[in-house]
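In what follows, chains carry the letters A, B, and so on, assigned in the order in which the sequence lines appear, proteins first and then strands, with residues in each chain numbered from 1. Owing to the predicted nature of the structure, the values given are computational and were not obtained by experimental measurement.
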There are 2 protein chains.
Amino acid sequence: MATRTRRSQRRTEALSRERIVEAAVELLDTAGESGLTFRALTERLATGPGAIYWHVANKDELLAAATDAVVAAAVAVRPAAEALPTPSPEEPEPPASPQDGIRTVALGLFDAIVRHPWLATQLAAQLSRSPWGTVTPRIFESIGQRVRALDVPESSWFTVASALVHYVLGAAGQNAVNSASARALAPGVDRARFLDTVSAAWEGLDPDEYPFTRAVADQIRGHDDREQFLAGVDLVLAGITATHRREPRPAQE
Amino acid sequence: MATRTRRSQRRTEALSRERIVEAAVELLDTAGESGLTFRALTERLATGPGAIYWHVANKDELLAAATDAVVAAAVAVRPAAEALPTPSPEEPEPPASPQDGIRTVALGLFDAIVRHPWLATQLAAQLSRSPWGTVTPRIFESIGQRVRALDVPESSWFTVASALVHYVLGAAGQNAVNSASARALAPGVDRARFLDTVSAAWEGLDPDEYPFTRAVADQIRGHDDREQFLAGVDLVLAGITATHRREPRPAQE
DNA sequence: ACCTGAACACCGTTCAAGT
DNA sequence: ACCTGAACACCGTTCAAGT
């Protein structure tokens with residue numbers, strides 16, 4: 001169907017790395033990870049594979065660029081909820097707490113993964129392939145700046161920021177795709193029915209091997225992904241304040 | 001080189017799903033994710049592709065099975081450090097705290113990812129593709145059983161266990177592969193030099209955009225992955241006990 | 001400097017045919 | 001029931017050739 005859709009409509013705009021990455025993200029969003037091929041890309045951009053390879057080294061680099069673009073947009077969000085020191089010095093809104101800032105950044109990443117389900121896998125791949133890339137520092141910095149504003153000794157900045165980033169990525173990665181896979185697996189089925197399916201599957205597990213999972217199976221039914229994600233963030237935040245109190249409690253070995 | 005290594009040595013053993021998965025894990029360990037192909041697999045098993053497809057539906061299922069096998073072994077570890085109620089009722093060792101149990105399970109997964117770097121990406125892929133698969137319940141159950149032993153109200157079991165699992169997967173995924181990529185990227189370079197490279201790269205970032213990352217760049221130099229991973233686990237554990245105290249503190253909206 | 005498009009090596013998967 | 005292996009469709013990547 002749609003036999004050879006010629007997309008020569010706007011051959012006007014010159015090809016650029018930016019346009020290629022943009023097309024890649026669109027392709028990933030609409031067709032999934034397996035949908036991003038150089039063939040599909042050339043058709044969409046009305047060009048040949050050689051043209052793409054002029055701007056991008058290979059597919060890995062393209063995936064990294066797509067991931068970075070989406071992450072950059074996600075962590076750069078400075079919503080109304082969080083009032084950072086504004087460029088315009090007038091109207092000094094009451095600055096939000098660093099905790100709220102962290103919640104905001106975390107939710108930004110969470111929502112980004114919901115919008116772009118492929119991000120979960122790509123994030124893991126990117127972070128593991130090159131921690132010195134652009135993706136890691138971007139996320140780390142965004143969280144870290146808020147950690148600095150917390151009451152944490154400088155010697156623990158790295159550990160605390162890392163813990164937060166790790167939780168956010170782990171949770172966003174798993175939680176968020178639930179909603180996506182609910183859509184993907186059964187297009188007509190809504191979220192509630194999807195959760196019912198998972199819940200039922202868990203209740204069907206072996207009672208001897210999976211007592212806990214079975215016990216909480218019904219808690220999954222009504223739960224809200226974002227709410228639970230935030231509850232986890234708060235848990236980590238509570239751990240930070242509990243661990244790094246005013247009085248420097250020496251580690252009692 | 002090694003022109004057509006015939007592996008007909010032990011054509012004796014019959015092919016089985018188990019042997020295939022085992023070979024797949026070995027291939028992933030030695031040759032990386034891109035090294036696992038049906039061609040390499042058929043050569044290693046001295047068979048044809050059709051034989052493999054008789055036991056395994058497709059590559060995705062094979063990857064899922066390989067992931068599950070490694071995870072099962074990782075969370076099943078019951079080291080001497082943690083004394084669960086033993087099958088043999090004599091010699092009742094002092095039972096370890098649930099916190100220690102959680103640390104043990106977390107470290108087990110951490111170490112598994114260090115030994116099998118491909119696990120980080122696969123875990124993200126597997127968890128996102130099918131939360132109703134075997135991998136998620138396995139990890140969830142292992143952590144959850146220890147959560148139940150903590151002083152947490154039942155209504156929070158699901159949230160608390162999820163938070164722990166998310167941190168562990170996020171942290172293990174990112175942290176662990178650092179050591180692997182250090183080896184992969186520069187075979188002769190040891191870990192200390194690798195950390196130096198990352199640290200130097202972070203120090204070279206834009207001072208305006210990355211003040212925090214630059215500030216902690218030198219903290220990365222001497223840090224121990226496992227130690228930091230455990231510090232994060234303790235942070236979450238501290239948050240759990242701080243949030244769920246004896247006196248049921250009503251949420252003051 | 002930027003783009004074209006045929007060509008190549010390789011991959012996952014299928015299937016008629018064997019035992 | 002289990003295995004063989006040729007064949008197919010498709011993929012990432014290259015490169016001589018154009019402008």
Once you round it to whole Å, what is the distance between P of C/dA9 and CZ of A/Phe38?
19 Å
Base, sugar-phosphate or nothing for B/Leu36? Non-hydrogen atoms, less than 4.0 Å.
sugar-phosphate
Applying a 3.5 angstrom cut-off to the pairing atoms, does DNA chain D sit in any stems of at least three consecutive Watson-Crick or G-U pairs? List them by first number.
C:4-8 with D:12-16, C:12-16 with D:4-8
Would B/Glu203 and B/Arg221 pass as an ion pair if we require N to O under 4.0 Å?
yes
Measure the distance from CG on B/Leu15 to C1' on D/dA1 and round it to the nearest whole Å.
13 Å
Between C/dA6, D/dC11, D/dG5, which nucleotide gets closest to the side-chain atoms of A/Pro49?
C/dA6
Among D/dA7, C/dA7, D/dG5, the one nearest B/Arg39 by side-chain distance:
D/dA7
Does the pair B/Arg17/B/Glu61 count as a salt bridge with the N-to-O cut at 4.0 Å?
yes
Name the one of B/Val105, B/Val71, B/Thr104, B/Leu109 that satisfies side-chain contact (heavy atoms from CB on, under 4.5 Å) with B/Ser142?
B/Val105
Would a distance-only check, ignoring hydrogens and angles, find a side-chain to backbone donor-acceptor pair under 3.5 Å from B/Arg214 to B/Leu205?
yes
By a strict heavy-atom criterion of less than 4.0 Å, which residues belonging to residues 53-63 of chain B are in contact with DNA chain C?
B/Tyr53, B/Asn58, B/Lys59
Over how many whole Å does the gap from A/Glu33 atom CD to D/dC11 atom P extend?
15 Å
Roughly how far apart, to the nearest Å, are C/dA16 and D/dC3 at atom C1'?
13 Å
Of the options D/dC3, D/dC11, C/dT13, whose atoms approach the side-chain atoms of B/Ala14 most closely?
D/dC3
Please lay out, stage by stage, how B/Trp54 and B/Leu15 fare under the test side-chain contact (heavy atoms from CB on, under 4.5 Å).
CA-CA 10 Å; B/Trp54 177 259; B/Leu15 205 53; over 6 Å; no
In whole angstroms, how far is the C1' atom of C/dT4 from the CD atom of A/Glu43?
16 Å
Is there a side-chain contact between B/His116 and B/Gln122 (heavy atoms, below 4.5 Å)?
no
Is any side-chain heavy atom of A/His166 closer than 4.5 Å to one of B/His166?
no
Given DNA chain D, 5'-ward residue of the pair A/Ala51 and A/Ser34, judged by closest heavy atom
A/Ser34
Test of ring centre spacing under 6.0 Å for A/Phe158 and A/Phe140
yes
B/Thr47 has a side chain; which of D/dT4, D/dT13, D/dG5 sits nearest to it?
D/dT4
Atom pair distance, as rounded to whole Å: CZ in B/Arg17 and P in D/dA1
18 Å
Using 4.0 Å as the upper bound for N to carboxylate O, is an ion pair formed by B/Glu141 and B/Arg146?
no
